[in-house]
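Just below is one structure, and these are the notes that go with it.
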Amino acid sequence: MASQQQQPGGPMSQPGLQQSASLQQQQQQLSQQQDFDPVHRFKMLIPQLKESLQNLMKIASLNLAHNTTIDNGIKSSDTSVQRFDKSLEEFYALCDQLELCLRLAYECLSQSIDSAKHSPNLVPTATKPDTVQTESMSYAQYLGMIKSQISCAKDIHNALLECSKKIAGKGQPQGIM
């Protein structure tokens with residue numbers, strides 16, 4: 001039995017390798033998705049922020065105690081203490097990362113809300129007729145919505161073209177036309 005597992009072409013080696021490879025791919029995809037998810041990143045940064053704050057407070061108290069002993073003349077400044085500014089900078093860097101995560105999460109939520117507002121209902125597909133929802137819109141309604149969105153996009157495009165022509169016209173000297 002052991003000789004079968006050790007052989008490269010044995011019956012146990014191929015399915016186990018394929019299963020572990022697919023499991024690793026799934027874990028990598030999940031970790032990549034979580035890296036881009038601002039809420040997950042926020043949750044991952046909170047323990048680091050707590051640790052950084054604890055470290056900052058510990059260094060501040062050690063520095064304060066050290067300065068107090070020097071001020072009282074008990075000790076000289078021969079001993080080295082950790083730098084407060086470095087730990088403060090680390091704390092602020094984590095705070096900045098958390099702020100960015102929150103802003104990104106807010107933007108994602110805003111886009112999701114806008115998306116639901118401008119396209120609130122699903123269109124049933126012919127491939128899945130059994131999953132038709134009561135909230136879905138008909139294909140004609142969907143076409144009307146798409147036509148209005150295209151019209152709006154054309155209006156924006158035309159407005160941008162008009163503005164660019166005005167800007168380009170102001171850049172040219174008046175005598176040359």
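Sequence positions, counted from 1, serve as the residue numbers for this chain.
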Atom CG of Leu45 and atom CG of Asp96: how far apart are they, to the nearest 0.5 Å?
11.5 Å
Quick one: CD1 on Ile113 to SG on Cys108, what's the gap to the nearest 0.5 Å?
11.5 Å
Can you list the residues that meet the side chain to side chain contact (heavy atoms under 4.5 Å, CB included) rule with Arg103, with sequence neighbours excluded?
Glu99
Assess the residue pair Ile46 and Leu98 against the criterion (side-chain contact (heavy atoms from CB on, under 4.5 Å)); give the C-alpha distance rounded to whole Å, side-chain angles, the decisive distance to 0.1 Å, and a yes or no.
CA-CA 8 Å; Ile46 290 294; Leu98 287 170; 4.2 Å; yes
Start with the C-alpha distance between Phe84 and Leu56, add both sets of side-chain angles, then the distance that settles side-chain contact (heavy atoms from CB on, under 4.5 Å), and finish with yes or no.
CA-CA 7 Å; Phe84 178 75; Leu56 179 69; 3.5 Å; yes
Roughly how far, to the nearest 0.5 Å, is SG of Cys101 from CD of Gln97?
7.0 Å
Taking NZ, NE, NH1 and NH2 as the nitrogens, is one of them in Glu90 or Lys86 under 4.0 Å from a carboxylate oxygen of the other?
no
OH/Tyr106: more than 12 non-hydrogen atoms of other groups inside 6.0 Å:
no
Between Leu102 and Leu53, is there shared hydrophobic-cluster membership here, with clusters defined by ILVMFWY side-chain heavy atoms closer than 4.5 Å?
yes
Looking only at heavy atoms, which two atoms of Ser52 and Ser87 are closest? And how far apart?
OG-O, 4.3 Å
Stepwise side-chain contact (heavy atoms from CB on, under 4.5 Å) test for Asn158 and Glu162
CA-CA 6 Å; Asn158 291 337; Glu162 187 178 317; over 6 Å; no
Atom CD of Gln149 with >12 non-hydrogen neighbours under 6.0 angstrom:
yes
About how many Å separate CD of Glu51 and CD of Gln48, when rounded to the nearest 0.5 Å?
7.5 Å
How many angstroms lie between atom CG of Asp114 and atom CG of Leu109, to the nearest 0.5 angstrom?
9.5 Å
Would you say Thr68's side chain and Leu64's backbone share a donor-acceptor pair under 3.5 angstrom?
yes
Search all heavy atoms of Gln82 against all heavy atoms of Ile59 and return the closest pair with its distance.
OE1-CG1, 2.9 Å
Rounded to the nearest 0.5 Å, what separates atom CG in Leu160 from atom CD1 in Ile167?
9.5 Å
Apply side-chain contact (heavy atoms from CB on, under 4.5 Å) to residues His66 and Leu62 and explain how you reach the verdict.
CA-CA 6 Å; His66 180 74; Leu62 289 174; over 6 Å; no
Tell me whether Tyr92 is reachable from Met57 by hopping between hydrophobic residues (I, L, V, M, F, W, Y) whose side-chain heavy atoms are closer than 4.5 Å.
yes
Under 4.5 Å between side-chain heavy atoms, counting indirect links through other Ile/Leu/Val/Met/Phe/Trp/Tyr residues: same cluster for Leu94 and Leu88 or not?
yes
